[in-house]
Amino acid sequence: MSEQAPSTVTASDPTPEVVAQLLDVVADHNVDHALSDMEQILERLRADAAQAAEARAVLRTTPAPVLREALRLRAARIETTR
């Protein structure tokens, strides 16, 4: 993919070759943006997966009575905000 836009392109010069060059530039630009967006999404998914794994590990090692009390307190707080 080329990162250089044709420097000889002008609006008064719409030959098929110029149109093809412009389409190539647009396609390259869109592909670069799409790949960049996909990379950002993958980074967020990986971060979310790591965070979820940490949460699962904490839940597995937390005693059941503590979890029950946390749920009770959360439910009570939700009720008071309604």
>> If I take atom CG from residue Leu23 and atom CG from residue Asn30, how far apart are they, to the nearest 0.5 angstrom?
In response: 10.5 Å

>> Under the side-chain hydrogen bond (donor to acceptor under 3.5 Å, both in side chains) definition, can you give me all pairs with a residue in residues 35-45, not counting sequence neighbours?
In response: none

> Under the side-chain hydrogen bond (donor to acceptor under 3.5 Å, both in side chains) rule, what pairs show up with a residue in residues 51-74, not counting sequence neighbours?
Replying inline: Glu69-Arg72

> By side chain to side chain contact (heavy atoms under 4.5 Å, CB included), which residues pair with Glu79, not counting sequence neighbours?
Replying inline: Arg82

>> Using the side chain to side chain contact (heavy atoms under 4.5 Å, CB included) criterion, which residues pair with Pro16? Sequence neighbours excluded.
In response: none

> What pairs meet the ring pair (Phe, Tyr, Trp, His ring centres under 6.0 Å) rule with one or both residues in residues 32-82, with sequence neighbours excluded?
Replying inline: His29-His33

> Which ring pair (Phe, Tyr, Trp, His ring centres under 6.0 Å) pairs, counting each pair once, include a residue from residues 37-82, with sequence neighbours left out?
Replying inline: none

